[in-house]
K.L.:
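Before I ask anything, here is the structure I am working with.
Quick note: numbers below take in every heavy atom, side chains included, and nothing from hydrogens, waters or symmetry partners. No experiment lies behind these values; they were computed from the predicted model shown. Each chain gets a letter, A, B and so on, in the order the sequences are listed, and its residues count up from 1.
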Protein chains: 2
Amino acid sequence: MERGKQKRLEARGWRVGSVGTFLKLSPEEVALVEMKVNLSQSLRARREARGLSQLALAKQLRSSQSRVAKMEAADRTVSIDLLIRGLVILGAKPRDIARALGRETGAAA
Amino acid sequence: MERGKQKRLEARGWRVGSVGTFLKLSPEEVALVEMKVNLSQSLRARREARGLSQLALAKQLRSSQSRVAKMEAADRTVSIDLLIRGLVILGAKPRDIARALGRETGAAA
DNA sequence: TGCAGGCATGTCATTCTTGACATATAGTAT
DNA sequence: ATACTATATGTCAAGAATGACATGCCTGCA
């Protein structure tokens, strides 16, 4: 596993010595979580690239600053739908979203 | 717009002479709908490639045959999350999902 | 020091999504 | 015709996601 991602996951309470191995996370669930983390990072990167605050983005999304924070934290209460909506509002095209989703994460055996 | 997709959209009530142009669909909404359609097609293709019935897939998903039908129809009551979960269960890797999402659709001016 | 802006996190009522069920249609075989 | 299988579509109670709000933590700055 790529080191930066490991720290980010750990920071949110995921045990990473062996991502899902450690606490009963099926491979499917792991894949979903990693996709969410990738999308959330892409969201933050795009927002910052535009010099927007979370509040400013929230307004465009008709949401709230707190939810944007959760989106960027890949909180378990945010759906992939919402993350994708956020990215689209930040100008991401399906192709960009695809790139974010599929980021090579390196397979930890 | 690619012809096959146009017919599929029309079949579910979308006016396509100008996708979102015709009835107040923002560009963002159009992008979202197209991504959903792409995912749903990929889902059906994968399911059929494995020779599974909708019912068989539904069981793996712990869902119902009717919901799988709606997923494949890109029904507005199915979330992107659910579509992605379905694809993952059918063995799609993030990379595969990314490819499905970003399928070139051809820009109708 | 106090104050403001940006971000994180918990809670909660409202809204949306989901699985389950009923029912319909079409194809195939007996 | 009857029966069976696969798929499509509507409805709805239960559960999940959402937006809004409160509040706390920093950092910078007057």
K.L.:
Given that B/Gln54 and B/Asp81 both sit by DNA chain D, which one's nearest nucleotide is further toward the 5' end?
P.N.:
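With B/Gln54 and B/Asp81 compared, the 5'-side residue is B/Gln54.
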
K.L.:
Over how many whole Å does the gap from A/Leu43 atom CG to C/dA8 atom P extend?
P.N.:
11 Å

K.L.:
Is there a donor N/O on one and an acceptor N/O on the other, under 3.5 Å, for the side chain of B/Lys70 and the base of C/dG19?
P.N.:
no

K.L.:
Among the clusters formed by ILVMFWY side chains lying less than 4.5 Å apart, do A/Leu32 and B/Leu43 turn up in the same one?
P.N.:
yes

K.L.:
Counting the atoms with a prime plus P, OP1 and OP2 as sugar-phosphate, which does A/Val68 contact under 4.0 Å by heavy atoms, base, sugar-phosphate, or nothing?
P.N.:
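If one applies the 4.0 Å heavy-atom cut-off, A/Val68 turns out to touch nothing in the nucleic acid.
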
K.L.:
I'd like to know if A/Asp96 pairs up with A/Lys93 as an ion pair, taking the criterion as any Lys NZ or Arg NE/NH1/NH2 lying under 4.0 Å from an Asp or Glu carboxylate oxygen.
P.N.:
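Salt bridge between A/Asp96 and A/Lys93, a charged N being under 4.0 Å from a carboxylate O: no.
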
K.L.:
Can you tell me the distance, in whole Å, between the CZ atom of A/Arg85 and the P atom of C/dT15?
P.N.:
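The distance from CZ of A/Arg85 to P of C/dT15 comes to 16 Å, rounded to the nearest Å.
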
K.L.:
At what distance, to the nearest 0.5 angstrom, does CE of B/Met71 lie from CG of B/Leu57?
P.N.:
6.5 Å

K.L.:
List in chain and number order the residues that pass side chain to side chain donor-acceptor pair (under 3.5 Å) with A/Ser63, two or more places apart in sequence or in another chain; answer none if no residue qualifies.
P.N.:
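For A/Ser63, no residue satisfies side chain to side chain donor-acceptor pair (under 3.5 Å) once neighbours in sequence are set aside.
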
K.L.:
Calculate the interatomic distance between A/Glu72 atom CD and C/dC7 atom P; express it in whole Å.
P.N.:
7 Å

K.L.:
Is A/Ser63 close enough to D/dG19 that one of its side-chain N or O atoms is under 4.0 Å from OP1 or OP2 there?
P.N.:
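The answer is yes; a side-chain N or O of A/Ser63 sits under 4.0 Å from OP1 or OP2.
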
K.L.:
Looking at every non-hydrogen atom in both residues, tell me the closest pair between A/Arg50 and A/Leu90 and how far apart they are.
P.N.:
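Smallest interatomic distance, heavy atoms only, reads NH2-O, 3.1 Å.
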
K.L.:
Taking only the side-chain nitrogens and oxygens of B/Arg67, find out if one of them lies under 4.0 Å from OP1 or OP2 of D/dT7.
P.N.:
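No, outside the criterion.
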
K.L.:
Measure CG/A/Leu57 against P/D/dT18 and give the value in whole Å, please.
P.N.:
14 Å

K.L.:
Starting at atom CG of B/Leu61, determine the distance to atom C1' of C/dA20, rounded to an integer number of angstrom.
P.N.:
14 Å

K.L.:
Looking across every strand, which nucleic acid part, if any, lies under 4.0 Å from B/Leu82 by heavy atom: base, sugar-phosphate, or nothing?
P.N.:
sugar-phosphate

K.L.:
When you measure from the side chain of A/Ala69, which nucleotide among C/dT18, D/dA20, C/dA8 comes out closest?
P.N.:
C/dA8

K.L.:
Would you say D/dA8 has OP1 or OP2 under 4.0 Å from some side-chain N or O of B/Gln65?
P.N.:
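No.
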
K.L.:
Taking only side-chain N and O atoms of B/Arg76, does any of them lie within less than 4.0 angstrom of OP1 or OP2 on D/dT9?
P.N.:
no

K.L.:
A/Arg44 has a side chain; which of C/dT18, C/dA8, C/dT9 sits nearest to it?
P.N.:
C/dA8

K.L.:
Do you know the tightest heavy-atom contact between A/Glu72 and A/Gln54?
P.N.:
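Taking A/Glu72 first and A/Gln54 second, the nearest heavy atoms are OE1-NE2, 3.1 Å.
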
K.L.:
Mind calculating the distance between CE (B/Met71) and P (D/dT9) to the nearest angstrom?
P.N.:
16 Å

K.L.:
Please confirm whether the shortest side-chain N or O distance from A/Ser64 to OP1 or OP2 of D/dT18 is below 4.0 Å.
P.N.:
no

K.L.:
What I want to check is whether an N or O donor and acceptor connect the side chain of A/Ser53 with the base of C/dC7 at under 3.5 Å.
P.N.:
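A donor-acceptor contact between them is absent.
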
K.L.:
How many Å lie between CG on B/Leu55 and P on D/dC4, as a whole number?
P.N.:
16 Å

K.L.:
In whole angstrom, what separates B/Lys59's NZ from D/dT5's P?
P.N.:
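Whole-Å distance recorded here is 11 Å.
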
K.L.:
Are any of B/Ser79's side-chain N or O atoms less than 4.0 Å away from OP1 or OP2 of C/dT18?
P.N.:
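It does, given that an N or O in the side chain of B/Ser79 lies less than 4.0 Å from OP1 or OP2 of C/dT18.
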
K.L.:
Would you say a side-chain N or O of A/Arg47 is under 4.0 Å from OP1 or OP2 of C/dC7?
P.N.:
yes

